[in-house]
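Structure first, commentary second.
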Protein chains: 2
Amino acid sequence: MKKNAEVNASPICQARMTGISDAMSLLSGKWKLLILGTLICGVKLGYMDLLREVGGIGTKMLSKELQDLEMNNLISRTVKDTKPVTVEYAITDYGKTLEPLIDELAKWGISYRQSVINEWTMTAEG
Amino acid sequence: MKKNAEVNASPICQARMTGISDAMSLLSGKWKLLILGTLICGVKLGYMDLLREVGGIGTKMLSKELQDLEMNNLISRTVKDTKPVTVEYAITDYGKTLEPLIDELAKWGISYRQSVINEWTMTAEG
DNA sequence: ACCATTAGTTTCCTATTGGAAAGTACAGTC
DNA sequence: GACTGTACTTTCCAATAGGAAACTAATGGT
């Protein structure tokens with residue numbers, strides 16, 4: 001019988017799935033992980049620096065994503081009283097807890113690209 | 001001077017950013033990582049099993065995401081000649097290379113949820 | 001004949017995401 | 001007084017993502 005039984009939903013598995021959803025709700029979208037990656041890679045960056053570093057992003061998305069990330073305490077925003085004013089964005093300690101995740105993502109992406117290039121080469125050769 | 005200079009774009013950093021983008025192009029969206037997580041967690045699952053396990057997903061999204069994942073060789077699809085036909089979805093060896101990433105994501109999500117619960121408790125107490 | 005089950009596809013709709021361009025505000029430079 | 005630079009916000013629009021419901025198709029059970 002076992003109609004509609006959950007085949008696989010051990011408590012551990014369930015918690016993992018909730019974890020994945022929770023994490024994605026903070027990190028989803030095209031830009032957040034790239035912004036965090038940029039800030040983790042380097043030092044403090046100004047708004048215009050980020051606009052240049054995060055290739056392709058526009059002002060609206062950058063502002064919005066920075067606000068989201070700041071609200072979740074993943075980055076900090078500091079207004080310096082230079083003339084003209086500059087703002088420094090930096091990764092917070094809490095944001096740094098994402099480093100292993102972002103490392104894995106970058107690593108996987110790099111090896112994925114390599115595997116595509118290899119397929120290619122094989123096809124061209126074979 | 002240094003107008004429009006790229007402050008932070010070391011070659012390593014650049015490669016990481018490309019990696020992040022590449023990985024996200026395969027894994028973006030609400031469901032792919034949950035489906036992969038479910039298949040990594042367990043054994044082979046049928047379509048209806050996945051529909052039950054991946055809470056909230058509908059038939060359209062499940063079909064589409066399964067196709068995407070299969071196309072990228074992250075999961076396998078095997079039609080069994082039972083009556084009525086059943087289909088077994090399983091993670092591939094290549095899909096398993098995402099395990100560290102998915103583990104990190106789940107782990108981070110779980111600890112994030114815990115930190116929110118703690119804030120909460122503190123507020124209620126304080 | 002009718003219902004159930006597996007595995008989908010198709011249609012129609014809404015919501016979210018993302019982007020381009022222009023505008024705001026303030027201060028220093030030529 | 002015009003232009004440059006930083007740091008945004010606002011508006012308007014297009015594309016994509018996502019969801020509910022109905023439908024197809026094959027087969028077995030009652």
Side-chain angles (χ1 to χ4, degrees), chain A residues 1-8 20-21 24-35 38-39 43-72 75-90, chain B residues 1-8 20-21 24-35 38-39 43-72 75-90:
Chain A
M1 289 298 123
K2 275 220 310 179
K3 223 178 278 180
N4 286 0
E6 292 199 359
V7 179
N8 202 15
I20 292 171
S21 288
M24 286 200 299
S25 74
L26 292 194
L27 303 174
S28 67
K30 193 172 169 179
W31 300 113
K32 292 195 188 73
L33 287 166
L34 287 173
I35 293 171
T38 302
L39 289 172
V43 281
K44 299 164 183 178
L45 293 174
Y47 183 85
M48 295 306 282
D49 294 329
L50 282 167
L51 207 53
R52 284 185 287 261
E53 299 284 325
V54 183
I57 199 171
T59 57
K60 193 190 73 169
M61 289 308 295
L62 182 56
S63 297
K64 196 216 139 211
E65 300 295 59
L66 288 171
Q67 278 167 25
D68 285 0
L69 294 171
E70 196 199 350
M71 254 192 287
N72 288 313
I75 64 170
S76 64
R77 176 180 183 275
T78 315
V79 179
K80 315 289 280 187
D81 69 345
T82 50
K83 317 271 168 81
V85 288
T86 50
V87 177
E88 266 180 13
Y89 292 96
Chain B
M1 288 298 127
K2 274 219 317 178
K3 221 177 278 179
N4 286 359
E6 293 200 0
V7 179
N8 202 15
I20 293 172
S21 289
M24 285 199 302
S25 74
L26 292 195
L27 303 173
S28 67
K30 193 172 171 182
W31 299 113
K32 290 196 190 72
L33 287 166
L34 287 173
I35 293 171
T38 302
L39 288 173
V43 280
K44 298 164 183 179
L45 292 174
Y47 182 85
M48 295 307 282
D49 295 329
L50 282 166
L51 206 54
R52 285 184 286 261
E53 298 284 323
V54 183
I57 200 171
T59 58
K60 192 188 73 170
M61 289 309 294
L62 183 55
S63 297
K64 195 214 140 215
E65 300 297 57
L66 288 171
Q67 278 167 25
D68 285 1
L69 294 171
E70 197 199 347
M71 251 191 290
N72 288 312
I75 64 171
S76 65
R77 177 180 182 274
T78 315
V79 180
K80 316 288 280 188
D81 69 345
T82 51
K83 317 270 168 87
V85 289
T86 51
V87 177
E88 267 182 12
Y89 290 96

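No experiment lies behind these values; they were computed from the predicted model shown. A note on names: the letters A, B, ... follow the listed sequences, proteins ahead of strands, and every chain is numbered from 1. These values consider heavy atoms only, across backbone and side chains, with no hydrogens, waters or symmetry-generated copies.
B:Thr38 contributes atom OG1, which lies 7.5 Å from atom CD1 of A:Ile20 (distance to the nearest 0.5 angstrom). Atom CD of residue B:Glu88 and atom NZ of residue B:Lys44 lie 5.0 Å apart, to the nearest 0.5 angstrom. In this structure, NZ in B:Lys83 is found 7.0 Å from CG in B:Asp81, a value given to the nearest 0.5 Å. Here A:Leu51 contributes atom CG and A:Leu45 contributes atom CG; the two are 11.5 Å apart, rounded to the nearest 0.5 Å. Separating the CG atom in A:Leu50 from the CD atom in A:Glu65 is a distance of 12.0 Å, to the nearest 0.5 Å. Between the CG atom of A:Leu66 and the CD1 atom of A:Ile57 there is a distance of 7.0 Å, given to the nearest 0.5 Å.
Among the heavy atoms of the strands, none lies under 4.0 Å from A:Glu88.
Residues B:Met24 and A:Leu34 form a side-chain contact, since some pair of their non-hydrogen atoms from C-beta on lies under 4.5 Å apart.
A sub-4.0 Å separation between OP1 or OP2 of D:dT6 and a side-chain N or O of A:Tyr89 is absent. Here B:Thr86 does not reach the OP1 or OP2 of C:dT6: none of its side-chain N or O atoms lies under 4.0 Å away. Side-chain N/O atoms of A:Arg52 include none lying less than 4.0 angstrom from OP1 or OP2 on D:dG5. The side chain of A:Gln67 contributes no N or O atom lying less than 4.0 Å from OP1 or OP2 of D:dC8.
At whole-Å resolution of the value, CG in A:Leu62 and P in C:dT17 are 17 Å apart. The distance between atom CE of A:Met24 and atom C1' of C:dT17, rounded to the nearest whole Å, is 16 Å. Across the protein-nucleic acid pair, B:Asp81 atom CG and C:dT6 atom P stand 17 Å apart, rounded to whole Å. Going from atom OH of B:Tyr47 over to atom P of D:dA26 covers 18 Å, rounded to whole Å. A straight line from CG of A:Leu66 to P of D:dA7 spans 11 Å, rounded to a whole angstrom. The separation between B:Leu69 atom CG and C:dG8 atom P is 13 Å, rounded to whole Å. Rounded to whole angstrom, the span from the CD1 atom of B:Ile35 across to the P atom of C:dG8 amounts to 12 Å. Between B:Met48 atom CE and D:dT27 atom C1' the separation is 15 Å, expressed in whole Å.
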Would you tabulate the pairs of protein nitrogen or oxygen atoms and nucleotide nitrogen or oxygen atoms of nucleotides 23-30 of chain C closer than 3.5 angstrom?
none

Below 3.5 Å is the cut-off: list the nitrogen or oxygen pairs between protein and nucleotides 16-25 of chain D, distance only.
from: D:dG18; atom 1: OP1; to: B:Lys30; atom 2: N; distance (Å): 2.9
from: D:dG19; atom 1: OP1; to: B:Lys30; atom 2: NZ; distance (Å): 2.4
from: D:dG19; atom 1: OP2; to: B:Trp31; atom 2: NE1; distance (Å): 2.9
from: D:dG19; atom 1: N7; to: B:Lys60; atom 2: NZ; distance (Å): 3.0
from: D:dG19; atom 1: O6; to: B:Lys60; atom 2: NZ; distance (Å): 2.2

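The two residues A:Lys32 and A:Leu26 make their nearest non-hydrogen contact at CD-O, 3.2 Å.
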>> Checking B:Tyr47 against B:Ser63 for the side chain to side chain donor-acceptor pair (under 3.5 Å) test, could you report, in this order, the C-alpha distance in whole Å, the side-chain angles of both residues, the deciding distance, and whether it holds?
In response: CA-CA 8 Å; B:Tyr47 182 85; B:Ser63 297; 3.1 Å; yes
